[in-house]
There are 2 protein chains.
Amino acid sequence: MGNGFVAAETRREEIMRVSTGLFLENGFAATSMSKVAAACKITKASLYHHFTGKDELFIACVTHGYTPALDDLRALENDQSLDPVTRLREAISVLYEMTIKSEVGRMSPLIAEVSRAFPNVARSFHSDYIGPQQEIVWRMIADGVDQKVFQPVDRKSFFHLLFGPIVTLSLSREMFTSFEDLEDHFPVEPLKQSHTDALLKLIRSCA
Amino acid sequence: MGNGFVAAETRREEIMRVSTGLFLENGFAATSMSKVAAACKITKASLYHHFTGKDELFIACVTHGYTPALDDLRALENDQSLDPVTRLREAISVLYEMTIKSEVGRMSPLIAEVSRAFPNVARSFHSDYIGPQQEIVWRMIADGVDQKVFQPVDRKSFFHLLFGPIVTLSLSREMFTSFEDLEDHFPVEPLKQSHTDALLKLIRSCA
DNA sequence: GTCTATACAGTGATAGAC
DNA sequence: GTCTATCACTGTATAGAC
């Protein structure tokens, strides 16, 4: 990153990039290995040389986005110039971005779709993405409590109020993609603002 | 209802009841017409006599639960003995029940799954279920505002905070069904309580 | 309304040559 | 690594007899 060197995209990476787009556009079941192969301009046999099966391909697509998405949150945690309130505000902004705009966030409904057939996908998503995400945010909260800026709160209850609206907004935007007035019904910015204000009102210690 | 007469279940109703269970258990794509037919102990040809295709069958299953689910909310609205706060508390309870326990509520992730292939399913779900649901709740809020018990609130922002956590909890419970510690991770009752308290704290007019 | 029988497109996946 | 060719199978859906 930033050293002027851009690694050539491997075939495997190209397949993942292309198939992620197809999965997001059409869902898991409607994205066949034939379509992926055709979109990559290779044959199915070649595709199967790179991935042992459709499930492995999908898991690779999901897993691929974990680290970069979490890095933004980590950077925020390590920024010592921020007070707890500003840091939480920024964190919520990043969470909206991660969940609604990023590929891994938008994949959540797909993971729900395949979770019965491949429970390990759900396991991985929960332990390698959701878990770390909550850990980072929780440390920010604990920091604010230590500094007497935030009231002590129950962890699960707080996350219920924090992640609930974000995930639902993301799901709604995916499931009502076909609506031409999507932005009117589910606008990100204003909902993010009011959500942030409400959370801060609840958590701030105002004696 | 309650008149001692129970209408015989028609074949069509039986098919809908059975296939709803299969859709909820295995998802839309993994529920084939063959499996539905087998579960109903009829042949595929007979199944196609009652429903012109898999999409029509699915739409029928989704639509079927709308009215009974909304009726609980309507009953609450018409109960004149309740003050706005108690009514809202009860309404939230009903919404948790509708979204997490009822068949139509649990179908939401499936609707997301098929929404691209059948946008009319998403349309119907939004206009015949989500819409009326929000209208009823909104009238309860407006009533409380009129009585000066609630502060005026922005509609979209309030629904973001009200429905967001409920829908996400429902989605999480569906997508992590395979977890043996599901109830520990996603317990309905305590989250409902803290969610309700938070909403009331935000909306009550305490000068 | 239910059946037997069938059409036929598409699926995930593999064998083996180059 | 990529190809051609092919596998066994399941999918939705229909025709026509009873």
Side-chain angles (χ1 to χ4, degrees), chain A residues 7-64 107 110-111 113-121, chain B residues 7-64 107 110-111 113-121:
Chain A
E9 188 183 48
T10 66
R11 185 44 42 99
R12 196 182 151 92
E13 286 166 346
E14 182 197 353
I15 295 171
M16 284 165 60
R17 177 175 50 78
V18 171
S19 57
T20 297
L22 291 176
F23 281 135
L24 280 174
E25 196 173 348
N26 306 315
F28 179 80
T31 301
S32 66
M33 294 299 264
S34 314
K35 285 179 189 166
V36 172
C40 295
K41 288 169 187 156
I42 56 174
T43 60
K44 259 197 294 185
S46 300
L47 175 55
Y48 273 94
H49 173 78
H50 293 280
F51 296 91
T52 66
K54 193 181 176 182
D55 54 344
E56 198 209 288
L57 173 60
F58 180 70
I59 293 173
C61 291
V62 174
T63 312
H64 182 249
M107 287 238 174
L110 298 186
I111 295 169
E113 181 184 342
V114 304
S115 59
R116 272 139 193 131
F118 310 108
N120 50 328
V121 180
Chain B
E9 188 183 47
T10 66
R11 184 48 38 104
R12 196 182 152 91
E13 287 166 345
E14 181 197 353
I15 295 171
M16 285 165 59
R17 177 175 50 77
V18 170
S19 58
T20 297
L22 290 176
F23 281 135
L24 281 175
E25 196 173 349
N26 307 314
F28 179 79
T31 302
S32 67
M33 294 298 265
S34 313
K35 286 179 189 167
V36 172
C40 296
K41 288 171 187 157
I42 56 173
T43 60
K44 265 194 289 185
S46 300
L47 176 55
Y48 274 94
H49 172 79
H50 294 280
F51 296 91
T52 66
K54 192 181 173 180
D55 53 344
E56 197 208 289
L57 172 59
F58 180 70
I59 293 173
C61 290
V62 174
T63 311
H64 182 249
M107 286 239 173
L110 299 185
I111 296 169
E113 182 184 339
V114 304
S115 60
R116 272 140 193 131
F118 310 109
N120 51 328
V121 180

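Proteins get letters first, then strands, A, B, ... in listed order; numbering begins at 1 in each. Owing to the predicted nature of the structure, the values given are computational and were not obtained by experimental measurement.
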(message) With a 3.5 Å distance limit and no angle check, can you tell me whether A:Glu113 reaches the backbone of A:Ala29 through a side-chain donor-acceptor pair?
(response) yes
(message) Is the ring pair B:Phe58/B:Phe23 parallel, tilted or perpendicular, if the boundaries are 30 and 60 degrees?
(response) perpendicular
(request) Send over the distance from B:Phe51 CZ to D:dT14 P, rounded to a whole Å. (result) 15 Å
(request) Could you tell me whether the phosphate oxygens of D:dC3, OP1 or OP2, come under 4.0 Å of any side-chain nitrogen or oxygen in A:Ser46? (result) yes
(message) Using whole Å, what does the distance between atom C1' of nucleotide D:dA13 and atom CG of B:Leu57 come to?
(response) 14 Å
(request) Compare the minimum distances between each of D:dA13, C:dG12, C:dC3 and the side chain of B:Lys54, then state the nucleotide with the smallest one. (result) D:dA13
(request) To the nearest Å, give me how far apart CE (B:Met33) and P (D:dT14) are. (result) 10 Å
(request) Send over the distance from B:Lys44 NZ to D:dA15 C1', rounded to a whole Å. (result) 14 Å
(request) Using whole Å, report how far NE2 of B:His49 lies from C1' of D:dA17. (result) 15 Å
(message) With a cut-off of less than 4.0 Å, is there a side-chain N or O of A:Ser34 near OP1 or OP2 of C:dT11?
(response) yes
(request) Would you indicate, yes or no, if C:dC3 has its OP1 or OP2 atom less than 4.0 angstrom from a side-chain nitrogen or oxygen of B:Thr43? (result) yes
(request) Using a cut-off of strictly less than 4.0 Å, decide whether B:His50 has a side-chain nitrogen or oxygen near OP1 or OP2 of C:dT2. (result) yes
(request) Return the 5'-most residue of the pair A:Gly53, B:Ile42 with respect to DNA chain C, ranking by each residue's nearest nucleotide. (result) B:Ile42
(request) Examine D:dT14: is either OP1 or OP2 under 4.0 Å from a nitrogen or oxygen in the side chain of B:Tyr48? Give yes or no. (result) no
(request) Have a look at A:Ser32 and say if it touches a base, only the backbone sugar-phosphate, or nothing, with a 4.0 Å heavy-atom cut-off. (result) sugar-phosphate
(message) Checking the side chain of B:Ser19 only, and the main-chain atoms of B:Val36 only, is there a donor and an acceptor separated by less than 3.5 Å?
(response) no
(request) Can you tell me the distance, in whole Å, between the CZ atom of B:Phe28 and the C1' atom of D:dT12? (result) 11 Å
(message) Do A:Lys35 and A:Asn26 have side chains that approach each other closer than 4.5 Å (heavy atoms only, starting at C-beta)?
(response) no
(request) With B:Lys54 as the cation and B:Phe118 as the aromatic partner, state whether NZ or CZ is under 6.0 Å from the six-membered ring centre and within 45° of the axis. (result) no
(message) What is the separation between atom CG on B:Leu47 and atom P on C:dT4, rounded to the nearest whole Å?
(response) 15 Å
(request) Quickly work out the B:Lys35 NZ to D:dG11 C1' distance and round it to whole Å. (result) 11 Å
(request) Answer yes or no: does a side-chain N or O of B:Arg11 lie under 4.0 Å from OP1 or OP2 of C:dT2? (result) yes
